[in-house]
Structures are given as C-alpha cells and as structure tokens.
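Quick notes on the structure that follows.
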Amino acid sequence: MTQRGPAEFTPPPECPVFEPSWEEFADPFAFINKIRPIAEKTGICKVRPPPDWQPPFACDVDRLHFTPRIQRLNELEAQTRVKLNFLDQIAKFWELQGCTLKIPHVERKILDLYQLNKLVAEEGGFDLVCRERRWTKIAMTMGFAPGKAVGSHLRAHYERVLYPYHLFQSGTNLLALDLAAKLTSFVAPPGLEECLQKASVDDVNDEDKEYKPHDLLQRQNIHIQPSDTSAPARRAKRMKTESGCVKSEGGEGCENRPNLRRRMGSFVAKPEPGEHLTFASNLVDLYVCLVCGNGNDEDRLLLCDGCDDSYHTFCLIPPLSDVPKGDWRCPKCLAQECGKPQEAFGFEQACRDYSLKSFGEMADSFKSDYFNMPVHMVPTELVEKEFWRLVGTVEEDVTVEYGADIASKEFGSGFPIKGGKFKVAPHDEKYLRCGWNLNNMAMMTPSVLTHVTADICGMTLPWLYVGMCFSSFCWHIEDHWSYSINYLHWGEPKTWYGAPGFAAEQLEAVMKKLAPELFESQPDLLHQLVTIMNPNTLMAHGVPIYRTNQCAGEFVITFPRSYHSGFNQGFNFAEAVNFCTVDWMPLGRQCVDHYRLLHRYCVFSHDEMVCNMAMKADSLDVVLASAVQKDMQLMIKDERELRDKVRKMGVVRCELFEYNLLADDERQCVKCRTTCYLCALTCPCRPGFQVCLHHAHDLCSCPVSNYTLNYRFTLDDLYPMMNAVRQRAESYDEWASRVTEFMEAKLDKKHVTVFRVLLEESDQKSFPENDLLRQLRLVTQDAEKCSSVAQQLLNGKRQTRYRTGGGNSPNQLTVEEMRSFVRQLYNLPCSLTQAPLLKELLNSIEDFQQHSEKLLSDEVSADSVSEIESLLEEGSQFDVCLPELPLLRERLEQARWLAGVQQAENLVSNPCGLSLDSMRRLIDRGVGLTPHPSTERTMARLQELLTISEELEEKAQALMKARWGHSMLTQVDGVPAYLPNCLLLQDTVNRAKGWLQEAEDLQVGGQTPVLSSLSDMVLRAYAIPVRLEPLDQLEVLVSEVQAWKESAAKTFLIKNSHFTLLEVLCPRWEVGSSLKKKMRKLKGECMSSGKKKLVKLDSMSDVERALSDSKDSASAMFTLAEVRLKELESLCALRAANESKLLPTADCASLKVCVCQKPPMGAMLQCELCRDAFHSVCVRRPSDPLDPEAWLCPLCLRSTKPSLTKIQTLLASLQRIRVHLLEGDALRYMIERTVSWQRRAREVIDLYDHSLTSQDCRGASPTQTHRTTGHKRKVRHYITDCLSSEVEELMVEGLLLQVSVPETQQLYRLLLSDAITSAEKKAKRRMNREEAEIRDRGMKPKSKKQRMGTKKRRERKAASVSASDVSQSEDSEEDMTQCPAENCLQPEGEEVYWVQCDCCNRWFHMICVGVSAELAAEEDYMCVTCSTTNTGRRK
C-alpha cells in the first residue's frame, strides 16, 4: 500500500431547475419571488426560458478586446495553496542556504512534506517523536502500510529537509553570545557530528524530484536582493573600515570568489595600481567565525553573500557537512529575508490582449489538446472530475486564462439595448423591453437598486465573462449580499456550485479551520474571489452544497448571501448583473455592518439609498415603503446613539456637508473603509480624511475639540422622511384590517364579489405578497371554483375540480363528497347563490340511489333491459360519481348478453344454428361480464357445446398435420359435424386419391417417365397434407437424375461457362451471330424448296420444345439431325465470310476482328473452326506454339471435350435410372455422331496414308521420278486434292464435336503437312521464275543465303498457316521468300534477319527497313505502307 491519493470527485446534488410558462416568464421579479421559498434553500437555481425566447447576440465582436486573468489551478484551492506556500518557503530557505530543494519519493509516491511537518508538530515535535518512536504511527496516518520501515525513511527525510527549517523558525540558529561562548568549548563526538551532517539536502537520491517554486513569494513582493551587484560593494566598504588601506575590484573579487562564497584560504586580494598594502598580517586573519570567534579552519569558513559575516560550517546549527554550491546566507540574513510580510494573493493579468476570435481559438485548442478529442465530444463529467483533480494536486501545474469582469458599457452588452449600435430586427424588438434583458433587470421598478444614483459596473451595469476550459470563479458572495443573475449567451456549459445563505457562516468557518494560514494574512480572503475549496470537502464538514450545469440560453440565479463558485467547461460567453428585491433590505444593512468589521469598502452607500427612497415616499411602492420604514427606524436609532456618543466625547463643531456630491472613494472612513453619508468626523490636521462615528477615536491624535461633525441630515430632517414613508405604508394596514374583518365573519358573510374587489385593490396599490394576501387570494379562488363546480353540477356538465396536491385532474364528485361540498359552500367566508340549489340536487340523487338498489337486488332477466337503460339515463344527468352507475352498467351488459344468446339459439332468426365463431363471440363477451348465477348457467351450456365442436375440429386438423396414410382418411366421413376443417379434410382426401392414382398409372404404364412430370408430381405431393408412400420413391428418382445432371455438367462444362449442359450437348444452332439475317433468308428458301416442312429451330427454346414433343428416341434423333445440318450450313457460311474478310486489302484499319472488334495488329491467332482472327493479347494462346494442335477461339470452345469413354459411361448410368431426359437424348445423339465420324475419319486417314506410301515408294529413286509421265503425276495430284478437301470437311465436323477423339489430331496434322508442302512448292516455283527472268536479261543471279533454313522456314510457314498468316493466297506465300521493301538491299551471308509487319503480315529484311534485332524483339513493327495509310485515316 502506498500513500493515499486524492479521492475521486463526487458531484453534489442538483439544484432546482425551473421552466416557467410564458405567463410566468412575463414578470421576472414576480417569478423570482414565487420560486424564492424553494430556491433559497439551495442558494442557487437554474431557469430555462420558454423555447421560443431566443434574444439576438448584440455584442460588438470586432471591438471586443480584453486582457484575461491568469489562473494557476492548484493555487486556487485553499488547502493546496497552503501546501504550495509551505513548499515555496522551504524551497526559499534552502535556496538561501545554497541548496536546491528536491522532494523525496516514498513508496514510489512524492512525499507530502506539508502533511509530514504538520503531523510531526501535532505529535510534539521532532525530538519527542524520535524519543517515543512515533514514526510508524505517522507513516500509517499518512496512508503507508506498516511493516516496510517507512517510518525510518520519513524520519530521515524530515531530519534532512524539514528539521533545519524547523530550527530556523524556532530561532535556534540565531545564537546568543553566551551560547556561542559555550559552544566554543564544546567538542561534539564524532557520532553526533556524523548524524547532523545528514541534514544536507544535496545528499538525495537521483529519483527525487527537484521542486520548482511557484513564485508565490515573488508575486507577493518578497524579493531577494541580487548578490552579484550589491555584495562586492558591501565587502569593499567593510575592508576599508577594518584595514583602512585595502581595496579590491568587484570584478576581480568575483573572479577569485564566485557567488561570494568560498573557503577563506583560497582568497587573494589584488591591490589597485599606486596603492600600497600597509598591514603586516594575512588578509584571512581579518575574518573570524562569529560563533566561536576563531579564524582557524579557513577552508571551512563561510562568508555570507548578504552581509559578509563569517561562520564555520561546523559552528552552524545544524552544521553543514560541506560548502554549499550556491549562494549562502547567514542565519541573520536568512531571518531577515524570510521574515518579510506577504502581500495579499491575487490573479495576474495576462501579457496578451485578446479578441473574441483569438481567445476562442486558443481555448478550443487547449481543450482539444488536453483531452485529445474534439471539444464537443468531451463529457462534462470528465471535465468536472479532471478540474477538481488538478485543483487539488501539487505535482501538476495547469494554467488557464479567464476574461472576467469585462465592462459591457465599453463594448456593448450581449443583449440588445435601446440606442445601441446593434440594429435590432423588427421581430426582435420585444427583447429591448424584456425584463429578462440584464440591462433592464437591475433598474426595473421592483429592484431596490433603481434608487442608487450612480452606475455601478457589475451591479447595475452588466459584466461580460469570456471563459475557457478550467477557468473558474472562486467561492464568493455578491457585493452587499445581493441577488445575481447570470445568462450564458453561447458556448460550452458553465458548472456552478452553491451553498444556501443560512450556511454562509458555516462555510466560512470550515475554510478558516482547514486553511487558517491564509486567513491570518488575509481576513477578508473570501471577498477577493481568489480562493476555492473542493465541494466534497465542504460537504464532509456539514456544509450543504448544490450544483448545476448552465447551458447556453439558460439563467442561473444566486440568492442573498449564498456562496457560489464554479468553472467553465470550455469556450463560452456569459453576462451577469446584480439586483435587489424588497426582501433583501434587512440583509443589506447587516452586510454593511459585516463589511465594517472586515474593513471592506462598500460598493454603494446603503444609508444614501434608503434616504433617496424616503424622499420619494409618495411614489414609493407600498411594499417597499413598509420595508424602508423599518430600515429607517434602525438607521435613525443607530444614528441618534452615535451622535450622542460623539457629543459626549466633546465634539461641538457641526457643519452641513453634502456627501452625496463626493465620489465614493473620497468619503470612505480611513479605518473601516465604510462609505460615509449621514455624518462623519474630520480634523484640520488631516484634510481630505474622515472617519465614521463608529471609529471616532481613530481619526488622529488631536484634541476632540478640534473635530468637526459633518452631517447630511439632522435628526429632525430624518423623522419627517420616516413619517412620510409610514403614511405610505399605512394604506396597506387599513386594507389589511378590512380583509381580516371579512375573512373572520360568521353570520353576515359578504358575497364573493367583495373579496374580488379587495384583490383588485391590492393589485392597484401593489400591496406586499404576504400571508394575508395569499390567504385572501386562496379564499377567493376557492369560492370561485366552488361556484363554478356548483354551477356545472346544476347544469349537468362535467366539471374540473382541483384536489389537494396541486395537480388538476378531471374527476366527478362522489355522493359523500357532494354532501361535503355542500357543507363547504356553507362554511366559506363568503356567500354563494348556488348553495341552496345544490342542496336540492343532492336530494334528487339520494332518491335515484334508492331506486337503483331495489333493481339490483332482483334476478337478472333479458326483459329488464329497457328499465335499466332508463335508470342509467337518469343517473347520467347527475354530474356526480354514483356507485350504482357501474353496477347498473354491469347489469345492463348481463341482460343484453342473455338476450343475445336467446336470439342466436332461435332457429327462426338463425336457421343454421350456432357456429363456432358465434359461440366464441358469445363466450368472450360472457367472460368479461360480472359473475351472476344466471349468466354462469348459460355460459356453462355454451362452453360444453363449444368443447364438443372444437374436439371434432382438432381431430380433423390433427389428421392433416400428421399426414396419415390414405387408409385412415375414411374416418373423416363419419364425423357428425358441419365444420370448416372437415370440409378441408375431405378436399385433401380427394387430392391424395387422385395423386396416388396418377402415381400408380405411371408405374403400370411401362413408359419411361419424363423428369418434368416427376418434378411436378413431387411438388404437388408436398402441397397435400397426407403421407403418400410412393413419394419417397419419386424423390429418390428425381435426386438421382439431378445427381446425373450435375456429374454431366462437371464432365462437359468449362469453369464459369455461360452455356447450359443441353446447349453444349446439342449441335450449335446460333453459329455466326453476325450472319443471322442472311441465314434467316437462306433458311426460308430451303424451307420453301423442300418437300417436308421442317420445324422452326431458331433458339434453344425451340430445340427444347421440339425434343420435349418427341414421342420416342427416333423423333429426338431426327430433330437433333436437323439441328446438325443447320450447324454445318451456318458454319460453312461463317468460315467463308471470315476467310474473305481476312484477305489482304488496302484498308486494314477498317477490318474488325477478335472479341474486342478492333483492327488486326501484333501477333494474331486464327481459329481453326470459324477461321476468324484474334489478338494474342485478348485470348489465351496455345500452350506450345510449335505443337501442331488445332486452336479454337473462346466462342468455338464450348466444353472441356471429355473422352468418348467418359460420355459412354454417363449414358450407361442414365439408362440405368430409366428416366427420359432431354440431355440424355442429346448425349445419345452425340455418341452416335461421334462414332459415325470416327468411322469416316479412319477411312480417310487410311486412304491418305496409302497415297503417301505410294508417293514415298516413287520418291525413292529420283531418276525414276523424273521419268514418270505427266499423266501419272496428274492422277496423283487429283487424288491428293480430293483427299485434302474431304479431310478439311471431316476436320471441321470433328472440331464441332464436344468429344475428344484421337482422329481429330491426326486429321489436323494431315492438313498441316499438306499446307506446308504446297507453300514450299509455290515458293520454289517463284524462285525458278525469277532465275529464268534474270537469265533472260543476261544478269548473273546473286546467291543469297537466308538466315532461316528450309526446316526453320517450313516451321515459320506452318505457324503462319495455323496461327498468324490468315491468308492462304499465293501472293502471301511468295512474300515470305521476297522482301517487299522498295529499295531491297538483297543481303547475303550465312544468316539473313527478317522482321514481320504487325499490320499486313509481310516479311522484310531488317537491314532494308532499318530495324535492329533488339528493337524487333522488344517493340511492334509497322511497315511504311501501313504507317502512311493509318496516318491518313487518322487525319
């Protein structure tokens, strides 16, 4: 356990909050007088104006500049300031001793030196605590856990830090001469000296915190004289006096003895030029210790930096272990410096002048940085707890600024005023005259301050307050114990704390008890608004404290002598003013007497204000006149006694003096600072000074006969003034006597109108709000209410009666209350005309009660409905709460219910009899009836009938919910009831029978069921609430079919494919989307020329419909065969269109290819099925470009193309399920088509292999080949050409198959080898033609060796045929062996480098077009022709 920290702040209870209505808000003083009995118990209260009351902000923001006060939070709290003063004194003491105060740590907490010093003093002092070993007790009192040797640590810290200061305060270190002589002969034992040496504050741990003084002493004008300027001069003068010839320079002396403290043996004096040292002894011999009188031990001889006296370190009490590091003062100088009186504590003014905007920016920045969140998000509870934590801590110093007491007269009020610079809108002019406008409130007629002639800033003129977070206003009461009202115009809330006026002296006593040091130097400390104390501390000592948060647009009112304080939650703008009502008058005179005792100045003269009111007695308010008359009695009595006392003293000279013409500060008593008005004493020896008669002996020392009594009024003048006020107040007394007489009359009572006249008279003459007036008003109000109630009762209307408790609730009088009300009418102090009439009405009500009781005692009958209704109609005419009326209404309901049961059971009016709903309605109505034997018998009969009917219904409903077998459904036929559930059950039976018959036909028929019909039957079975046995078999069958479809989809469909399984399995019907119009026309011609009319198959839905309509597999196969013919026909047209589109043209840029529909560029791929070209960057390239495999575009590659074995397995599994499926027909057709295609493909491959074999045999002998005749060569060519066309057709059909078979790859290789051979032959023929032309011209052919050999060129040609070169024309093939550049250089060498144009696909020598190998590999190349064409098109 460590030292206890400050307890968390507990908010005091909330003060009252009032929300006046518009009527109450109209008169502020009347409303404040109304709430005063409640609010003055808490001292403060909050008033929320009506929501629509929103005055404009009229302050001149641009002109508003102010210098705020600086507030250091921990200096505000009384107990914390005492601790800080103590620590500053300790720090000052050690600073003068040449040491720095460092506060030690105990148990990881900073040690509270103030509490330690206080506890040691309470226990009897250091010596007694050490002797009786009370350090452990002190440690436990400070909150430390026992058993950790904390007591020894506390003793060490006290002995080291506080004990020297205690010795200084007790004067022990100021040694007398005789004591010094005794000490010179005393030799301290080594142990004691060693113990005393522990007292050095420099011998501290590294973790001890160095204390930084708060400069409280400096701010209270306790200045320390600088040693570096005055000390050298003092020392030089002293040396001259003693030696007469020694002189030293101040600068040189400072160099040899820094800070005027040194060991005397190290000092060397340097004489000025021309001077001679005439003394024979050493300079050090001039200095001797003032305690022991010895000059030995020069290295331990200290020189005071204040007076140059010398002391040994071991002669001091307590002795010093070493030479201090800083400036050192002897005990005499120390006592002189620390004994200077302290001035009153107060706030400093900031050095900076703020505008409202700059202050707001500073305030918001401070709060957001402190709490690390936006200012509007900081909770008020958090700010409150943090404020009281900072106020009570010594370790943390937080400084804020507060723009307080800013004169509104200079910068303008926040409220609009008449004649002000702020232009008020027409709809806001009402605020100019509003009583809650603080510029009007202090000077309104009900306020006593209207009789103060001078404008008092802060009291009669509002003050402005600009606050920031933590800026506070300390505990105080208003000047002259007046009221105050504060309005928060805008900004963050202001937190208030208040104590009621009756607890003012208690609060002062608690604060003086807890911080007596502050009140010793400042008796009027609480009047300076500079001291605060934690409300929890005050509450712990029995002071009642209340709090509230004042938000923008709210008022806070403080009552007379109510202490209040608080702080601001953030940046805000408030305005406050004082006012005084009639009830304040006695307190105002008490306050002046209190100020006289404290010697505090008055803001205004209370006597002058009373005399001003007395001189206006004729126009004075009657209530105020009564209060003034009482106050003047006390004033005249005191004045007469004081003047008699002064006259007996011997003062005989009197003069009339108009003190009201002097300023307040020019007529203050020099003793008590009271403002003099009625009279004062003066003396010629002190012109301009005077004293009040209470301090006649404090004027001067002259004889009393020299004094002059200056008076404003004689006593003869004061008595007529008081009589005039008394006469004004007597009119009220006459009125009060008449009211008392009328109120106490017993026989000759006056009418209520007379009381109303008395009230009007009180309003006209503004009589005081006292008990008599309130009683008169209450009696008149009660009489008027009774008159109104009586009239309503007579008229048969509902009335509103106000019961005791304040709330108004509409109630009817009971008969007993009616009797009591009639008695009340006759007991009123006034008479009412309705009283006899109401008595007659009471008799009629009693007759009605007798008739009702007779009817209620008879048996309930359905025939008594009309009689009961007539009685109820008669009773409703009486505006009285009759107990018989509810009973009659219950009897009427019972009779009507019995009549309803009879009508429902009547077969004439209801032939069908009672239904379930009718029975339930009747029973529900009967349940709410009051129990009666007649109704209970009928209810029992209806309940039995309903129970039987509900059992039958529940049985029928249970049969449907339990899904019983159809064999049990026959039980429903035997239910002897006509009920809704029985009808529903019969319908369910019929539907179940029909479904079972359908299921039986499906099993017996021998046909393969269709999936759609099975799914439909399962769904219909779910809707039938009967358990159907065949349903499980059908569900299993449907699930198997779904599982097969999922397996087939996984086998065929590509991941994320948009095709369905049926679309993949069926032949393609949508081949060539761009040729839809042509294909439609072609189809129309085919259909018109055909003999048999084909079914329209233009979409997948048509194909599905045709397959669904097929009655057997043969019809389905025929439909799919038609779709296959459409597929081949459409594909041929598409291939021809794509190939013609890709022929070399002059305008390549207009060509649209690929899925991106852009012109060809870069590396291109050609689909082997649709023959369209695609950019290699837009589609997926072949995994191995050199691998001779047919590449299909994304539009043609529709499935994963599984092997034939997998799909045969799928078909076998579907056949085992024995369900007709459209996908199954398509799969069966796919397998038959694949098998047929395989057979034809093998025949073609075998024939092609035979042809190649024959060719190879013939090519074995070149000589033989040349001898072959031309006829044979033609035949061979014809066979090869025929095979190539058939192979290509087979290849196209094989690529259309969604099955992977090896024959497809074999056919593709045949086509590829044939294309390469044809290209080589064409290239060779072209080379031969060129050589022949050269020979004919007589030119020698240049032998060129190209880079690409025959094999590589063949590979490039093959790649061009399969992927890149989409044109199979002869010109394109010839371009591959000749550079098309205009100025071809015809390079020669082992290797010739070529580059291909990415637009026209022609090959160029790199050297001819100026392209390097690196550039060709990294960038796309476009020839000159294509570049020119594209440039012209872009232009």
Side-chain angles (χ1 to χ4, degrees), residues 442-456 459-460 479-482 578-596 601-644 646 654-669 672-682 690-694 708-730:
M443 304 307 293
M444 291 178 67
T445 303
S447 176
V448 178
L449 296 181
T450 56
H451 301 280
V452 177
T453 56
D455 290 337
I456 306 171
M459 286 201 73
T460 59
D479 293 331
H480 289 261
W481 299 354
S482 61
N578 294 95
F579 63 94
C580 299
T581 57
V582 177
D583 60 278
W584 164 84
M585 290 288 293
L587 293 174
R589 183 159 296 279
Q590 293 179 25
C591 179
V592 173
D593 297 337
H594 183 73
Y595 282 178
R596 185 181 298 112
Y601 69 91
C602 299
V603 178
F604 61 89
S605 174
H606 186 86
D607 292 339
E608 181 180 1
M609 180 189 68
V610 171
C611 292
N612 289 338
M613 289 188 288
M615 287 186 288
K616 304 175 184 177
D618 295 337
S619 60
L620 202 63
D621 180 76
V622 178
V623 180
L624 186 57
S626 179
V628 170
Q629 187 259 336
K630 295 176 183 178
D631 194 90
M632 284 196 73
Q633 284 181 346
L634 296 175
M635 181 184 71
I636 294 175
K637 178 183 177 183
D638 293 342
E639 189 67 18
R640 183 177 61 250
E641 293 176 355
L642 290 173
R643 291 188 184 186
D644 292 342
V646 171
C654 300
E655 290 183 4
L656 178 65
F657 193 90
E658 296 183 359
Y659 276 107
N660 57 315
L661 301 180
L662 293 180
D664 288 354
D665 55 353
E666 297 178 1
R667 49 175 172 153
Q668 290 181 354
C669 173
C672 64
R673 304 179 69 185
T674 299
T675 303
C676 299
Y677 177 71
L678 289 178
C679 60
L681 286 176
T682 59
Q690 59 273 329
V691 293
C692 64
L693 300 188
H694 292 274
T708 301
L709 176 64
N710 297 327
Y711 61 92
R712 177 67 180 87
F713 298 105
T714 64
L715 293 177
D716 294 336
D717 296 332
L718 293 177
Y719 281 114
M721 294 169 60
M722 184 179 67
N723 291 332
V725 175
R726 181 184 294 111
Q727 290 176 4
R728 175 64 176 168
E730 284 178 353

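- Taking the side chain as every heavy atom from C-beta outward, H694 and C672 never approach each other to under 4.5 Å.
- Under the ring-ring contact (aromatic ring centres under 6.0 Å, His included) criterion, F604 pairs with H480, sequence neighbours left out.
- In this structure, the separation between CG on D479 and OH on Y601 is 6.0 Å, given to the nearest 0.5 Å.
- Scanning for salt bridge (Lys or Arg N to Asp or Glu O under 4.0 Å) contacts around D593 gives R596, with sequence neighbours left out.
- Distance alone, capped at 3.5 Å, is enough to place a donor-acceptor pair between the Q690 side chain and the E666 backbone.
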Give the intermediate values and the outcome of side-chain contact (heavy atoms from CB on, under 4.5 Å) for residues F713 and E639. CA-CA 11 Å; F713 298 105; E639 189 67 18; over 6 Å; no
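- In this structure, CE on M585 lies 10.5 Å from OG on S626, to the nearest 0.5 angstrom.
- Distance alone, capped at 3.5 Å, is enough to place a donor-acceptor pair between the T450 side chain and the S447 backbone.
- Here Y711 pairs with nothing under the ring-ring contact (aromatic ring centres under 6.0 Å, His included) rule; sequence neighbours left out.
- A donor and an acceptor atom, one from each side chain of D716 and T714, are nowhere located under 3.5 Å apart.
- In this view, R589 and D607, D631 satisfy the side chain to side chain donor-acceptor pair (under 3.5 Å) rule, not counting sequence neighbours.
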Go through the steps for M615 and H451 under the test side-chain contact (heavy atoms from CB on, under 4.5 Å), then give the verdict. CA-CA 10 Å; M615 287 186 288; H451 301 280; over 6 Å; no
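- Distance check, rounded to the nearest 0.5 Å: OG1 of T682 to CZ of F657 gives 8.5 Å.
- For R667 (side chain) and C676 (main-chain N/O), a donor-acceptor pair under 3.5 Å exists by modelled atom type.
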Would you sort out whether Y659 and S605 count as a side-chain contact (heavy atoms from CB on, under 4.5 Å), showing the intermediate values? CA-CA 10 Å; Y659 276 107; S605 174; over 6 Å; no
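- Every residue two or more places apart in sequence or in another chain was checked for a salt bridge (Lys or Arg N to Asp or Glu O under 4.0 Å) with D638, and none qualifies.
- Listed by first and then second residue, the ring pair (Phe, Tyr, Trp, His ring centres under 6.0 Å) pairs involving residues 606-638 are W584-H606 (not counting sequence neighbours).
- Nearest heavy atoms, L624 versus V448: CD1-CG2, 4.1 Å.
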